[in-house]
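Here is the structure we will look at, set down as structure tokens.
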Amino acid sequence: MQASNQQIAKILRDVAAAYIIKKTGNVFEIRAYENAADNIEHSTSEIKDLWEEGKLDEIPGLGQKMQGYLDELFKTGRVKHFNDVKKGLKSIFFELLDVPGVGPKTAQKLVKSGVISLGDLKSKIIKGDRMLLPYAFAQAQRILDYLKKSKDVLEVHSLGSLRRMVATIGDLDFSASSKNPQKVVDYFCQMPGIDRIIEKGDTRATIILQSGLQVDILVGQPESYGALLQHFTGSKAHNIKLRTLAQANGLTLSEHTKTKTEEEFYKLLNMDIPASEIREDTGEIEASLNHKLPKLVEIGDIRGDLHLHSNYPIKSPSHGPGADSIEEIVKKAIDLGYEYVGISDHPPGFTSVSKEEIISWVQKRAKVIQSMNTKSIRVLNGLEIDILGNGDLSVPDEALETLDYCIAGIHSGHRNDITKRLMLALQNPHVDIVSHPTNRLLNERDSSEADWEEIFKYCVKNQKLLEINGYPNRLDLRDDLVRSALEYGVKFVINTDAHELSQMDNMRFGVSVARRGWGEDKDIVNTWDFTNFAKWFKIKS
DNA sequence: GCCGTTTTCGGCCCGACTGTTTTCAGTCG
């Protein structure tokens, strides 16, 4: 059977809800189902794939019994035990659980009263795409600007998944420090553009903007603002682990714990403070306790951008060219403080342009790029070429060997033979980098499936790089795959894939992906000074 | 039902807001 993580999570939550209504099973057993559902929903691997590979153990909260149920589910499409537990409950009961604010008890009450029709139910379920990270940033900035204008606000921050720099954001979370929390909540609820107020209390509120965006605020006193920041940054799993740990040490931690800073909060547990990007309960708590946190790469470490598209003239471009000239791109790179910058246009389409024409186009363009070099920046000659359906490249070797570096990427046939094609492309000695390796487009196209382990091993052995692409709807290689790749020793380059000058500022989002993958500067070749960088690419200086 | 540096038995995160059952259960993050 086909089953997404979300569908499986829903199946487990339904069982938990049935237990609650039938008053069978204890509260902790129910919590175990909900916990398993949470972990499955947040897993970056497909549970079905893990099951096929016998790796269900990788998901926390799945014990022997739960794994047995999932085994039955995938093999037969049903689980007898689940059906027994759910027996006697109407299907509308389970649909009602998807309505915000409706849990098992309320749903059962509504079913019994018989006043609910499926029609009004569906209209209450808000289900939109999640926001891309840069869009969420821009929205958050406007709200921050508004909140800062209140004289009652001492400090204000955007938290939640935005502060953790997750690739897509569901709602926006803010914290504020104030001596008069109630006044700040009132002020927040008067923000222009509000459609409705969902919840409003002494210290917190939830609103929906006319755009449909949900915004939460949590306000606290300055003396416990550190705990508030920590609490509302999450993730939920990270917080639960911390509080469980606190409990074992005879402490009770919450957003009210008297700590002015997050450092103080973590200090209570003798922990170093983990960067917000890695607070996902994937080992950062243990690393914090053992004082072994990674020193994550920072935006200031970046010394160049290698994936940039210019408007250099081209006959029959294979893909969309950039909007700005090479000269303008170089100037922007200097403004960004880069030591080197690489122009990587798409080559002419090989189906309509002869091999000889492609070679002479590459040669002519090389001279233009060469002429851009100045004392303040090194300008490099690259291309982003296609990996074709059979694994061949769209540009002949005679042209590739004249480049400083070559990026190869799949731009068609995103479902076919990915492993084989990537491996064939990597075997070409001129190919240095695989661009946007999984080819996902957020909210549009899922990651391609491939044998990443095989690809990672090959990259390490043969000095090949994977790209972390900072384009807003790519953020590819994904953070979780970055982390696994780093365990094999893979090196990366973080690029923006900018098609216009302003997109060169997206580097910070590429860096955040690397950080979420626990990447350090040593792992990212474009944090290296030009001497070391050039050595890797065998570029003559 | 899960899990392990006090434990293979005996625990399991914490607190705010809503609505109504005026003292708390249900839901959420």
Side-chain angles (χ1 to χ4, degrees), chain A residues 12-13 15-21 23-42 56-57 59-70 79 81-82 85 96-110 124 159-164 169-175 181-182 185 189 196-207 214-220 224 227-228 230-257 265 268-270 279 281 285-286 289-290:
Chain A
L12 297 183
R13 290 205 181 95
V15 175
Y19 268 130
I20 290 170
I21 295 308
K23 298 186 170 64
T24 51
N26 66 56
V27 63
F28 298 109
E29 182 175 7
I30 291 163
R31 197 174 292 172
Y33 274 87
E34 290 167 345
N35 181 40
D38 283 349
N39 289 332
I40 287 171
E41 193 170 57
H42 292 131
L56 278 182
D57 274 331
I59 306 293
L62 298 185
Q64 211 172 10
K65 274 204 155 171
M66 217 62 100
Q67 291 186 33
Y69 293 144
L70 290 179
V79 180
H81 174 66
F82 293 177
V85 176
L96 275 165
L97 297 174
D98 295 334
V99 179
V102 177
K105 298 284 175 84
T106 312
Q108 181 65 352
K109 221 182 275 177
L110 289 170
K124 288 196 173 63
L159 305 176
S161 52
L162 185 60
R163 182 166 180 229
R164 300 201 313 281
I169 307 295
D171 55 19
L172 296 180
D173 300 314
F174 295 89
S175 66
Q182 179 72 68
V185 170
C189 289
R196 61 187 191 277
I197 296 168
I198 300 288
E199 174 183 303
K200 182 170 184 280
D202 297 339
T203 60
R204 63 173 68 202
T206 296
I207 59 161
Q214 178 176 319
V215 188
D216 298 340
I217 194 170
L218 194 50
V219 190
S224 58
L228 191 69
Q230 196 289 321
H231 170 76
F232 220 26
T233 298
S235 66
K236 186 177 169 186
H238 175 89
N239 286 356
I240 289 176
K241 177 69 84 62
L242 279 194
R243 289 171 192 166
T244 307
L245 206 62
Q247 203 175 41
N249 289 300
L251 291 168
T252 306
L253 297 183
S254 78
E255 66 266 40
H256 303 297
T257 305
F265 186 93
L268 292 174
L269 292 167
N270 295 318
R279 297 186 196 169
D281 188 22
I285 291 176
E286 293 76 6
L289 283 165
N290 298 323

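In what follows, chains carry the letters A, B, and so on, assigned in the order in which the sequence lines appear, proteins first and then strands, with residues in each chain numbered from 1.
Distance alone, capped at 3.5 Å, places no donor-acceptor pair between the A/T233 side chain and the A/L159 backbone. Without hydrogens or angle criteria, A/N26 side chain to A/F28 main chain gives a donor-acceptor distance under 3.5 Å. A/Q67 places a side-chain N or O within donor-acceptor distance of the main-chain N or O of A/L62, the cut-off being under 3.5 Å. With hydrogens and angles disregarded, no donor-acceptor distance shorter than 3.5 Å links the side chain of A/N39 to the backbone of A/I59. Here the side chain of A/N239 pairs a donor or acceptor atom with the backbone of A/H231 at under 3.5 angstrom. Of the possible polar contacts, one joining the A/S235 side chain to the A/H238 backbone as a donor-acceptor pair under 3.5 Å is found.
As judged by a 4.0 angstrom heavy-atom cut-off over every strand, A/H81 is placed among residues touching the sugar-phosphate backbone only. A/T203 comes within 4.0 angstrom of sugar-phosphate atoms only, judged by non-hydrogen atoms across all strands, and of no base. Backbone-only contact: A/K200 has heavy atoms under 4.0 Å from sugar-phosphate atoms and none from a base. Among the atoms of the strands shown, base atoms are found under 4.0 Å from some heavy atom of A/N26. Counting non-hydrogen atoms under 4.0 angstrom, A/L253 reaches the backbone sugars and phosphates but no base.
B/dG19 sits 28 Å from B/dC13 when the P atoms are compared, rounded to a whole Å. The gap from the P atom of B/dG11 to that of B/dT6 amounts to 16 Å, rounded to the nearest Å. B/dG26 and B/dT20 have their C1' atoms separated by 12 Å, given to the nearest Å. Using atom P as the reference point in both B/dT5 and B/dA16, the two lie 31 Å apart (nearest Å). B/dG10 sits 28 Å from B/dA25 when the P atoms are compared, rounded to a whole Å. Comparing the same atom, P, in B/dC9 and in B/dG15 gives a spacing of 32 Å after rounding to whole Å. The same atom, C1', is picked in B/dC3 and in B/dT8; the two are 9 Å apart, to the nearest Å.
Along DNA chain B, the nucleotide closest to A/T244 and the one closest to A/E199 are compared, and the more 5′ of them pairs with A/T244.
Regarding contacts with the backbone of B/dG1, a side-chain N or O of A/Y69 is found under 4.0 angstrom from either OP1 or OP2.
The line from CZ of A/R31 to OH of A/Y19 is 15.5 Å long, rounded to the nearest 0.5 Å.
When each of B/dC14, B/dG1, B/dA16 is scored by its nearest atom to the side-chain atoms of A/E29, the top-ranked nucleotide is B/dG1. Side-chain proximity of A/D202 to B/dC17, B/dA16, B/dC12: nearest is B/dC17.
A salt bridge is defined here as a Lys NZ or Arg NE, NH1 or NH2 lying under 4.0 Å from an Asp or Glu carboxylate O, and A/E255 with A/R204 meets this definition.
Looking only at side-chain heavy atoms (C-beta outward), A/V99 and A/T106 stay at 4.5 Å or farther from each other. Considering only heavy atoms from C-beta on, A/F265 comes within 4.5 Å of A/L242 through its side chain.
The distance between atom CG of A/L245 and atom P of B/dC14, rounded to the nearest whole Å, is 12 Å. Atoms NE2 (A/H238) and P (B/dC14) sit 15 Å apart, rounded to a whole Å.
Pairing partner, B/dT8: none, since no Watson-Crick or wobble contact has both distances short of 3.5 Å.
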Pairs: protein N or O with nucleotides 3-7 of chain B N or O, under 3.5 Å:
{"unit_1": "B/dC3", "atom_1": "OP1", "unit_2": "A/G61", "atom_2": "N", "d": "2.8"}

Original post:
For every nucleotide of nucleotides 22-29 of chain B, 5' to 3': is a protein heavy atom under 4.0 Å from its base (B), only from its sugar-phosphate (S), or from neither (-)?
Top reply: ----SSS-
